[in-house]
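Take a look at the structure set out below.
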Protein chains: 2
Amino acid sequence: MDTETDRRPTRLDDQIQAERDMLARLGDLPLDLDALVLVSNLHRAVAAIRREFEQTVLAEVRLSWTAFTALWVLWIWGETETRELAHEANVTKGTLSGVVDTLEKRGLVARRRRTSDRRLVTVRLTDEGEALISEVFPRFNREEQRVAELLTAEQRTAMVDGLRRILRTLPS
Amino acid sequence: MDTETDRRPTRLDDQIQAERDMLARLGDLPLDLDALVLVSNLHRAVAAIRREFEQTVLAEVRLSWTAFTALWVLWIWGETETRELAHEANVTKGTLSGVVDTLEKRGLVARRRRTSDRRLVTVRLTDEGEALISEVFPRFNREEQRVAELLTAEQRTAMVDGLRRILRTLPS
DNA sequence: CCCGTGTCGTTCGGCCCCGAACGTTAGGCT
DNA sequence: AGCCTAACGTTCGGGGCCGAACGACACGGG
């Protein structure tokens, strides 16, 4: 690593200069700034939401977002094949395998090899897992509600509809 | 792992039964289903977008989303202190340290210890890094545009405004 | 001058995440 | 029966990600 003999612009100079630089650099490119803002805000907001949840409701019960989602799916769907559970939890089956491992170690879920087709493995909640998710989910939903409340009804419907369009198009 | 002597409901039975179960289980809880759908769709859409980008534009140049973001910030802002870069890239400084390590190994960025305050480290693009980001970014933005095009103008503004509200409230 | 106190970036352990490779099993075709 | 092919879940290597702990450093008050 180099060292630098100092003459750093102050934060204020920097802001102004940075904007000038940005405009100078971006000005001659055919850019869609709205699209940039949209995608980057989407990303930031989701990261913020996820962090918030993982640090409050989920931290108390030591569950990652994905682990929680898996439990939720099992709660609603009942015993589920690994592949479907992975799809529903929005991760690859390789990832899900690891998540189920940790959930199994904690005694929250159990695996079961099917006899009719021995390639298949299903996952189901244990009693303990069921107790946990039914206790945690209402609190989780209350957090979701707090997020949704920040938006107007129009914004909410516009967003949900827009997100659906994206999901329909992109490979999910 | 247990084994199971089979009598699995078919997929169709399952769908119907699962919905019945879901309604039965959720019916007596004070739930905000709209909030649930909103948050879960947000999450799924962002994951889909991120995967899409990481598998097309970013895969070609072997950059993760975060690595790309860091390069972009450095491109726009110029030489930046580690802490600010982490905040801007939306990760903790611990994470950023690792990302900068890999970028540095590839010769795309360089670290510099400041002499005025020897606790500080700044990161800047190398010529190679600058060449890479200025080549990749337009393609990245074109992908962003493709996503944004899926929405109506109204949806776009509603979404951006809604996301800003979320970001303003949640600890980012 | 020196000694707290606070901030910097880095390191560490643990988990999540992915894609590729792998062994196992099912099922059709000859 | 004996292949071939395809689908299943797991494993593995590489990296992202976080929070906590850490050493280096700055700076003000005794």
Side-chain angles (χ1 to χ4, degrees), chain A residues 1 3-4 6 8 43-44 46-48 50-56 58-59 61-70 80-87 89-106 109-123 171, chain B residues 1 3-4 6 8 43 46-48 50-56 58-59 62-70 80-87 89-106 109-123 171:
Chain A
M1 184 171 54
T3 57
E4 181 200 24
D6 248 81
R8 273 279 290 185
H43 209 263
R44 298 179 82 85
V46 165
R50 184 169 178 150
R51 265 199 299 270
E52 166 80 4
F53 281 38
E54 286 186 337
Q55 283 166 3
T56 57
L58 298 182
V61 288
R62 294 182 305 132
L63 287 177
S64 69
W65 181 284
T66 300
F68 170 82
T69 305
T80 304
E81 291 172 12
T82 302
R83 179 179 22 87
E84 297 174 320
L85 185 54
H87 180 257
N90 213 20
V91 291
T92 63
K93 49 189 186 154
T95 299
L96 185 81
S97 198
V99 172
V100 170
D101 280 348
T102 65
L103 288 175
E104 203 174 25
K105 272 180 210 142
R106 284 183 59 186
V109 305
R111 281 189 239 240
R112 201 141 56 149
R113 172 132 262 147
R114 299 271 288 289
T115 52
S116 62
D117 185 339
R118 294 189 44 77
R119 291 171 303 181
L120 301 181
V121 172
T122 57
V123 186
Chain B
M1 183 172 56
T3 57
E4 180 200 24
D6 247 80
R8 275 278 290 185
H43 209 263
V46 165
R50 185 168 178 150
R51 265 199 299 270
E52 166 80 5
F53 281 38
E54 286 185 338
Q55 284 167 4
T56 58
L58 299 182
R62 294 182 304 130
L63 288 177
S64 69
W65 182 283
T66 301
F68 170 82
T69 306
T80 305
E81 291 172 12
T82 302
R83 179 179 21 86
E84 297 174 320
L85 186 55
H87 179 257
N90 214 19
V91 291
T92 63
K93 50 189 185 151
T95 299
L96 184 81
S97 197
V99 171
V100 170
D101 280 347
T102 65
L103 287 175
E104 202 174 25
K105 271 179 211 145
R106 285 183 59 186
V109 305
R111 280 189 241 241
R112 201 139 56 150
R113 174 133 261 145
R114 299 271 288 288
T115 52
S116 62
D117 184 339
R118 294 191 43 77
R119 292 172 302 180
L120 300 181
V121 172
T122 58
V123 185

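A note on names: the letters A, B, ... follow the listed sequences, proteins ahead of strands, and every chain is numbered from 1.
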Beyond-backbone contact of A:Arg50 with A:Ser64, side-chain heavy atoms, under 4.5 angstrom | no
Taking the side chain as C-beta and beyond, is there a heavy-atom pair between A:Arg83 and A:Leu120 under 4.5 Å?
-> yes
A:Glu81 side chain: which of C:dG9, D:dG16, D:dG9 is closest?
-> D:dG9
Checking all strands, does A:Thr66 fall into the base, sugar-phosphate, or nothing category for heavy-atom contacts under 4.0 angstrom?
-> sugar-phosphate
Position toward the 5' end of DNA chain C (nearest nucleotide), A:Ala67 or B:Gln55 | A:Ala67
D:dC18 phosphate, OP1 or OP2: any side-chain N/O from B:Thr92 under 4.0 angstrom?
-> yes
Under the 3.5 Å rule, do the base of C:dT24 and the side chain of A:Arg119 count as making a donor-acceptor pair?
-> no
Which part of the nucleic acid does B:Arg50 contact within heavy-atom distance under 4.0 Å: base, sugar-phosphate only, or nothing?
-> sugar-phosphate
Phosphate OP1/OP2 of C:dA26 contacted by A:Arg118 side-chain N/O (<4.0 Å) = no
When you measure from the side chain of A:Val91, which nucleotide among C:dG9, C:dC17, D:dT11 comes out closest?
-> C:dC17
B:Lys93 NZ to D:dA24 C1', in whole Å, measures 13 Å
Contact class for B:Thr95 (heavy atom, under 4.0 Å): base, sugar-phosphate, or nothing?
-> base
Look at the side-chain N and O atoms of B:Arg83 and state whether any lies under 4.0 Å from the OP1 or OP2 oxygen of C:dG9.
-> yes
Using a 4.5 Å cut-off on heavy atoms from C-beta on, say whether the side chain of B:Leu58 contacts that of B:Glu52.
-> no
So what does B:Ser97 touch, heavy atoms closer than 4.0 Å: a base, only the sugar-phosphate, or nothing?
-> base
